[in-house]
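Reviewing the structure listed below.
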Amino acid sequence: MSLNVEQISKYSDKHPKPSSTTFTYGTAGFRTIGETLESTVFRCGMLAALRSQSKQGKVIGVMVTASHNREEDNGVKLVDPMGEMLQQSWEGYCTTMANAATSEEVVEVLAHIVQEERIDLTIKPRVAYARDTRPSGPLLQAALEDGLSALDVDASNYGVVTTPQLHYFVRCMNTENSSAAYGEPTEAGYNAKYGQAFLRLVSGKQTPTKLYIDAANGVGAPQVLKLADAINSPYFNIEVRNSDTQTLGKLNVDCGADHVKSNQRPPAGVTLVPGSRYCSFDGDADRILYYYADEHGTFHLLDGDKISTLVATYLRDLVSTAGVDDLQVGVVQTAYANGNSTSYIKDTLKLPTVFAKTGVKHLHHEAEKMNIGVYFEANGHGTVLFNPSAVAKLRAVEPATPAQVDAVERLWALRDLINESVGDAMSDMLLVETILICKGWTLPQWDEAYTDLPSRLLKVVVNDSTIFKTTNAEQTLMSPPLLQDVVDSLVTKFPRGRAFVRPSGTEDAVRVYAEAATRRDCDQLAYSVAGAVFDKAGGRGERPSEFI
Ligand code: G16
């Protein structure tokens, strides 16, 4: 059997590539102005089909979203059979395919992949797809459906759901009726699985105070309300803010996890009251952060590092109580992790920790190497993985005391509570809520573990961000020449200073991260480095200069 060239060309001609744009499969798939993505999304439909055939007809996911990005952006990414991000060796195919200039070239690239991957075209391809609430979503979904029709895909449309929900559905579909069955691949199945695990873990404990959720005016708003309906318990007492998915121009604007983390202040539409509890999702609900105001009204952020240390501590203690001593909990971070969180993990928790490049796909792979791998980016994106050896060790344990029985049961329930396929704001929120309820902790009590070094994340817009090349887990610049020397000399001026520069893989910009012993030093360092990037590497627009 060979490719149906006539059918593919007919559909492809409907979605010509914009001639002036070059597309790259970046940190989390393709991301750019939504209107320019039609040809790319169409072609991703066909790539998903081939990927499915290369996996003997397993379901591949396609999510149309630009997550934390501004509303006019959109994006698309492929999800592999176990709900994980697309295998990296296929990212090159995606980029080549997205940049094919004509329908003839599109067919050539498809034929090349079929040959390289020895794909059996008689296998029926299966794809599950969904989108977030962005205005360009319906147009891109239609392009995607053309791509699926071009290769006669057996397709399942999941409508408007969160990104992690789609990852979950893919894993469920591919494990159905197997010993690794993950759950029912429906919204109701998702809510039942995570809701029931949550109630198993918290029942009998004291009920918590209300949790205010900033849903970034994105798809997390309707979905978390459905989760709350399914749980239907005072243990999950929530009020959703920034839930307007209908009005144009509101998604991720002055709200959501990225805004809260970058600006280190609460979102619009939320007035912090001391003693109350708050969290923010991002636009597609794959990130979460908590925060609160102290009695002086000062804002305190509990970011991905704080979530990671809370979860790792809880798991470490349960493993120890359960008596599964050779079961190791480890933590994966990126260069954005606050220096004090890394010291706390190493020196106080005495847990192994490794650094990965930015992008949950990189952290996920490192976490898979650990028995129980806790991975979170400081921006609130992450999850926990139990590898097969951890599962085997848990199965083998023979608890002798009631405390051991309880700890083992809790570990199993936690595994049911966690979305192991990808970082998931709703599942992570239930995990944090569980730990806080079980410990009887307030947010300030959780925050006591260690104090963050002051940090600042800035964005610099430059003429060409592709000239920025990094090494050393993206902490050292190799290009543009000599810029790293400037960063190094600035860093030495500030006690406990640390800074790095890297190109974003989801936005057309360069990111600058800095931390130092005091807020003033940290901001001076961050703005000095950002100013140097702007001056020496083709800065565009306004020079970053708030403090200098
Ligand atoms: C995505 C990735 C994250 C990454 C973030 C920023 O988040 O999934 O792993 O940290 O982009 O990446 P960059 O600094 O390369 O732009 P999201 O929430 O937008 O999917």
Side-chain angles (χ1 to χ4, degrees), residues 24-32 34 61 63-71 73-80 83-86 88 91 130-134 162-167 215-216 218-220 251-252 255-262 280-289 303-305 307-308 332-337 355-367 375-383 419 421-426 428 457-462 465-466 468-470 473-475 500-513 533:
T24 310
Y25 201 95
T27 311
F30 294 104
R31 294 255 177 112
T32 186
M63 185 72 199
V64 176
T65 178
S67 195
H68 76 275
N69 290 41
R70 56 197 186 143
E71 188 174 88
D73 284 357
N74 213 326
V76 59
K77 66 177 173 185
L78 268 54
V79 176
D80 258 356
E84 72 277 43
M85 301 291 188
L86 176 68
Q88 265 170 275
E91 292 185 1
R131 64 179 175 88
D132 69 14
T133 56
R134 281 161 204 274
T162 73
T163 299
Q165 283 179 316
L166 182 76
H167 286 251
V219 60
L251 178 69
N252 292 328
C255 62
D258 200 60
H259 169 87
V260 172
K261 173 73 180 165
S262 303
S280 282
F281 296 173
D282 69 340
D284 66 339
D286 59 7
R287 302 190 197 177
I288 182 167
L289 304 164
D303 64 2
D305 300 333
I307 295 174
S308 156
V332 187
Q333 301 189 304
T334 72
Y336 290 113
F355 271 48
K357 282 165 66 174
T358 290
V360 281
K361 61 189 181 192
H362 301 297
L363 289 94
H364 193 94
H365 292 310
E366 288 301 326
Y375 75 82
F376 274 88
E377 295 184 299
N379 63 25
H381 201 172
T383 187
N419 186 347
S421 61
V422 78
D424 180 341
M426 294 203 288
D428 288 341
L457 178 58
L458 297 175
K459 204 162 42 174
V460 185
V461 180
V462 294
S465 61
T466 63
F468 286 77
K469 306 279 181 228
T470 61
E474 299 183 303
Q475 296 170 98
F500 64 88
V501 178
R502 59 174 284 278
S504 162
T506 60
E507 296 174 59
D508 187 16
V510 172
R511 301 203 195 281
V512 171
Y513 176 84
V533 170

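Only this structure's heavy atoms are used, side chains among them; waters, hydrogens and symmetry mates stay out. Whatever order the structure lists them in is the order used to number ligands and atoms, beginning at 1. The first residue in the sequence is number 1, and the count goes up from there.
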Point to revise | Sub-6.0 Å ring centroid separation between Tyr375 and His364 | key: yes
Practice item. Heavy atoms only: give me the nearest Thr358-Tyr336 pair and the separation to one decimal. Key: OG1-CE1, 3.3 Å
**Study point:** Under 3.5 Å donor-acceptor, Thr133 side chain and Gly218 backbone
**Key:** no
Revision key, fill the gap. Quick look: Leu363 vs ligand 1, heavy-atom contacts under 4.0 Å, and the answer is neither
Practice item. Verify side-chain hydrogen bond (donor to acceptor under 3.5 Å, both in side chains) between Ser504 and Arg511, making sure each step is shown before the conclusion. Key: CA-CA 6 Å; Ser504 162; Arg511 301 203 195 281; 3.2 Å; yes
Review point. Under 3.5 Å, N or O to N or O, is Ser504 touching ligand 1 that way?
Key: yes
Exercise for review: Starting from atom 3 (C) of ligand 1, find the nearest protein heavy-atom neighbour and note its residue, name and distance.
Suggested key: Glu377 OE1, 3.1 Å
Review point. At what distance is the nearest protein heavy atom to atom 17 (P) of ligand 1, and which residue and atom is it?
Key: Ser67 OG, 3.0 Å
Practice item. List every atom of ligand 1 that sits less than 4.0 Å from any heavy atom of Asp286, numbering the atoms from 1 in the order shown and giving each element. Key: 18 (O), 20 (O)
Review point. Side-chain contact, heavy-atom cut-off 4.5 Å: Tyr513 with Arg502?
Key: no
Check your understanding: Do His362 side-chain atoms and Lys357 backbone N/O form a donor-acceptor pair below 3.5 Å?
Key -> no
Review point. For ligand 1, does Glu474 get within less than 4.0 Å through its side chain, its backbone, both, or neither, judged by non-hydrogen atoms?
Key: neither
**Study point:** His259 side chain near Asp282 side chain, heavy-atom distance below 4.5 Å
**Key:** no
Revision key, fill the gap. Counting from 1 in the order shown, the ligand 1 atoms closer than 4.0 Å to a non-hydrogen atom of Asp282 are 18 (O)
Practice item. Select the closest option to atom 19 (O) of ligand 1 among His68, Met85, Met63, judged by heavy-atom distance. Key: His68
Study note, to complete from the structure: Note: Thr163, heavy atoms under 4.0 Å from ligand 1, region reported as neither
Exercise for review: Go through ligand 1 atom by atom and flag the ones less than 4.0 Å from a non-hydrogen atom of Arg502.
Suggested key: 13 (P), 14 (O), 15 (O)
Exercise for review: Before accepting this row, confirm whether a basic side-chain N of the pair Asp73/Arg70 lies closer than 4.0 Å to the acidic partner's carboxylate O.
Suggested key: yes
Review point. Looking at ligand 1, does any of its N/O atoms fall within less than 3.5 Å of an N/O of Arg511?
Key: yes
Exercise for review: Could you list which atoms of ligand 1 come closer than 4.0 Å to a heavy atom of Gly359?
Suggested key: 9 (O)
Check your understanding: Under 4.0 Å between a Lys/Arg side-chain N and an Asp/Glu carboxylate O for Lys361 and Glu91?
Key -> yes
Exercise for review: Note the single closest protein heavy atom to atom 11 (O) of ligand 1, along with its residue, its atom name and the distance in Å.
Suggested key: Thr506 CG2, 3.4 Å
Practice item. Decide whether an N or O pair under 3.5 Å exists between Arg31 and ligand 1. Key: yes
Review point. Is it true that Arg31 and Glu507 make a salt bridge, defined as a side-chain N closer than 4.0 Å to a carboxylate O?
Key: no
Check your understanding: Between the side chain of Asn379 and the main-chain N/O of Asp258, is any donor-acceptor distance below 3.5 Å?
Key -> no
**Study point:** atom 7 (O) of ligand 1: nearest protein contact (heavy atom, Å)
**Key:** Arg287 NH2, 3.3 Å
**Study point:** Selected option - heavy-atom contact closest to atom 2 (C) of ligand 1, from Thr334, Asp284, Thr27
**Key:** Thr27
Practice item. Among Asp132, Leu166, Asp284, Asn74, find the one that has a side chain to side chain contact (heavy atoms under 4.5 Å, CB included) with Val64. Key: Asn74
Practice item. Could you tell me whether some N/O pair between Gly505 and ligand 1 is separated by less than 3.5 angstrom? Key: yes
Exercise for review: Compute the minimum heavy-atom distance from Lys361 to ligand 1 and say whether it is under 4.0 Å.
Suggested key: no
Study note, to complete from the structure: closest protein heavy atom to atom 8 (O) of ligand 1 is His381 CE1, 3.1 Å
